[in-house]
Amino acid sequence: MEMRVMTERKRRNSIAAASAVLGGVLVLSACSGGDGGGDSSSSPKQSAQAEAVDKAAAQDTSDAKISITPGNGADNASINNAAKVRVTDGTLTHVSLTTADGTAVKGTLAADGKSWSPDGQLSRSTTYKIAATAEDAKGRDATENATFTTVSPDNSFIGNFTPEDGSTVGVGMPVSINFDKAISDKKDVQSHIQVSSTSGQQVVGHWFNSQRLDFRPQDYWKSGSKVTLKLNLDGVQGADGVYGVQQKTVSFTIGRNQVSTVDAKTHTMVVQQDGKTVRTIPISAGSPDHTTYNGQMVISEKYKKTRMNGATVGFTDSDGKGEYDIKDVPDAMRLTNSGTFVHGNYWGAPSVFGNSNTSHGCVGLQDVKGAKDPNMPAHWFFDHSLLGDVVIVKNSHDKTVQPDNGLNGWNMSWSDWQAGSAV
């Protein structure tokens, strides 16, 4: 009995030991993969196969190389030169340009398939996404993507200029540029602006302040000449962190030479075209209390009818209202920013013109209400005047108009004008 018990114990111990050994083997097998202790016969083969696949894939990569301007992640990007796509060793097959909200931007693929660009100027302060696909000679595709943001209004400047492209103007019309931001790097900005004339006249720029730059020759423009303004300001830094966005060329033509001389003492205006007197017109200049500026003034605006309210230029009564408020002044042409006009006058007696000065500083010519009578001197002068024509006032008991009060830089000597150039 005792022997039987002992034998049973041995049998159970032997089974346990065997199980322990088997369990150890199983555990060892389950954990052996990390140190190569398992079945490693397939690893070199798999590794070689993977390397071969990678090598084959690399050898099958398209030869086409796509470049996108600007680079991915760019900010303050140009609104003129951004989103340019080019490819070498291949041909572009698809290009898409969209805003962040998915709005598509039209563009044109070059005939040779080597480049793509937007059809128009991009918007400021806008994020764009561009995707391009190209194909090489073997038909293999290459792709490229980029996201960029264009320059914001706060970080850019533009110049509002006069005269307009394609216009015909008088011989006194300067090229006047008013920037919407103060310019501190005047030299760099001016060096990227060119004004030239077919007359061959030297043209020089003059800064009146940090936001206004005018160009003119020493003497009036030559009749019949063509003047060209080139703004190459895209990407040009005008101030710290502020860049230009304009890339534009405009041109205008100089018409006949018309210069009209107002004599406040004799109350007349002599109109000359190409050096010949074509008409002498009776006028009424500024009264002794409100004299007219002397000097060379350029017609900058024309209105068939306009409102003139004395309150807008400081002429007020005790109640704060304008000393005058005429809602339909006829045949009016601006000479200064401060409110000097040459205009028609229908409210004054005919005897005033040619005999006395009665205005608040303007030059008045006889006219009728509505500006509809072609026989009136004011109507004739309006119809025979261009923007840019010169009106000279003399013998008035006032000072000479300031050169920056309107387009009146002709009242500055040539040496002083040149001194205001930054280049």
Side-chain angles (χ1 to χ4, degrees), residues 170-172 256-308 310 313 315 323-336 338-401 406 408 410:
V171 296
R256 78 288 175 274
N257 182 320
Q258 178 168 299
V259 178
S260 303
T261 302
V262 173
D263 190 328
K265 186 176 181 179
T266 62
H267 317 293
T268 58
M269 178 170 69
V270 177
V271 182
Q272 291 189 317
Q273 289 185 358
D274 300 320
K276 297 180 179 179
T277 298
V278 293
R279 187 159 181 172
T280 299
I281 300 173
I283 62 94
S284 178
S287 70
D289 292 332
H290 305 294
T291 51
T292 305
Y293 287 126
N294 287 295
Q296 303 172 74
M297 289 173 268
V298 173
I299 297 174
S300 59
E301 294 176 341
K302 293 182 67 178
Y303 301 100
K304 198 62 183 174
K305 287 187 289 186
T306 190
R307 178 183 180 182
M308 291 188 178
V313 289
F315 296 133
E323 293 181 8
Y324 57 88
D325 187 1
I326 306 171
K327 296 178 173 61
D328 59 348
V329 177
D331 296 316
M333 294 178 282
R334 181 183 292 278
L335 300 179
T336 70
S338 60
T340 307
F341 280 76
V342 54
H343 63 77
N345 179 333
Y346 65 79
W347 52 91
S351 60
V352 167
F353 305 100
N355 293 294
S356 60
N357 294 325
T358 60
S359 80
H360 280 74
C362 292
V363 177
L365 286 65
Q366 188 179 4
D367 210 339
V368 295
K369 189 178 179 68
K372 295 180 179 179
D373 188 345
N375 296 314
M376 288 288 101
H379 190 102
W380 180 91
F381 187 63
F382 186 92
D383 281 352
H384 287 78
S385 294
L386 296 172
L387 295 180
D389 281 349
V390 179
V391 176
I392 301 173
V393 177
K394 65 179 184 179
N395 295 325
S396 174
H397 298 293
D398 205 331
K399 61 185 178 182
T400 298
V401 66
N408 300 324
W410 302 104

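Because the structure is predicted, anything quoted here is derived from the model rather than measured. Computed over heavy atoms, backbone and side chain alike; hydrogens, waters and symmetry mates excluded.
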message: Can you confirm whether Trp380 sits close enough to Val271 that some side-chain heavy atom of one is under 4.5 Å from a side-chain heavy atom of the other?
response: yes
message: Measuring only between side-chain heavy atoms, which start at C-beta, is Leu365 closer than 4.5 Å to Met269?
response: yes
query: When rounded to the nearest 0.5 angstrom, what is the spacing between CD in Gln366 and CD1 in Ile281?
result: 11.0 Å
- prompt: Could Arg307 and Asp328 be called an ion pair, given the rule that one side-chain N must be under 4.0 Å from one carboxylate O?
  reply: no
statement: In this structure, CD1 of Ile392 is separated from CH2 of Trp410 (nearest 0.5 Å) by 11.5 Å
message: So His397 and Lys265, do their side chains get closer than 4.5 Å, heavy atoms only?
response: no
field: Where Gln258 and Gln273 come nearest, the two heavy atoms and their spacing
entry: OE1-NE2, 2.7 Å
- request: Flag the pair Trp347 / Val329 as yes when at least one side-chain heavy-atom distance between them is below 4.5 Å, and no otherwise.
  value: yes
- prompt: Is the backbone of Leu387 close enough, under 3.5 Å, to the side chain of Lys302 for a donor and an acceptor to pair up by distance?
  reply: no
message: So, taking the atom named OG1 in Thr261 and the one named CD in Gln296, what distance separates them when rounded to the nearest 0.5 Å?
response: 9.5 Å
Smallest separation among heavy atoms of Thr306 and Ala332, with atom names: CG2-CB, 3.7 Å
- prompt: Do Met297 and Thr336 come within less than 4.5 Å of each other through their side chains, counting heavy atoms only?
  reply: yes
field: Val391 side chain reached by Val363 side chain, heavy atoms, under 4.5 Å
entry: no
- prompt: Does any non-hydrogen side-chain atom of Phe381 lie less than 4.5 Å from one of Asp331?
  reply: no
message: Is the ring pair His360/His290 parallel, tilted or perpendicular, if the boundaries are 30 and 60 degrees?
response: parallel
query: Roughly how far apart are Lys305 NZ and Lys369 NZ, rounded to 0.5 Å?
result: 8.0 Å
message: Salt bridge check, Arg256 against Asp389: does any charged N sit closer than 4.0 Å to a carboxylate O?
response: yes
query: Just checking, any donor-acceptor pair under 3.5 angstrom between side chains of Ser356 and Thr358?
result: no
query: Between Asp373 (side chain) and Asp367 (backbone), is there a donor-acceptor pair under 3.5 Å?
result: no
- request: Tell me yes or no: between the side chains of His267 and Asn357, is some donor less than 3.5 Å from an acceptor?
  value: yes
message: Restricting to non-hydrogen atoms, name the atom on Ile299 and the atom on Ser385 that form the minimum distance, rounded to 0.1 Å.
response: CD1-CB, 4.0 Å
task: Determine the minimum heavy-atom distance between Ser396 and Thr291, stating which atoms define it.
output: OG-CB, 3.9 Å
field: Closest non-hydrogen atom pair, Thr292 against Asp398
entry: O-CB, 3.2 Å
- request: Supply the atom-to-atom distance Met308 CE to Ser359 OG, rounded to the nearest 0.5 angstrom.
  value: 10.0 Å
message: Please find the pair of heavy atoms, one from His343 and one from Cys362, that lie closest to each other, and give the distance.
response: NE2-CB, 3.5 Å
- request: Consider only side-chain N and O atoms of His379 and Asn375, and report whether a donor and an acceptor are under 3.5 Å apart.
  value: no
- prompt: Can you find a heavy atom in the side chain of Phe353 that is under 4.5 Å from one in the side chain of Asn345?
  reply: yes
- prompt: What distance separates Ile283 CD1 from Thr268 OG1, expressed to the nearest 0.5 Å?
  reply: 6.5 Å
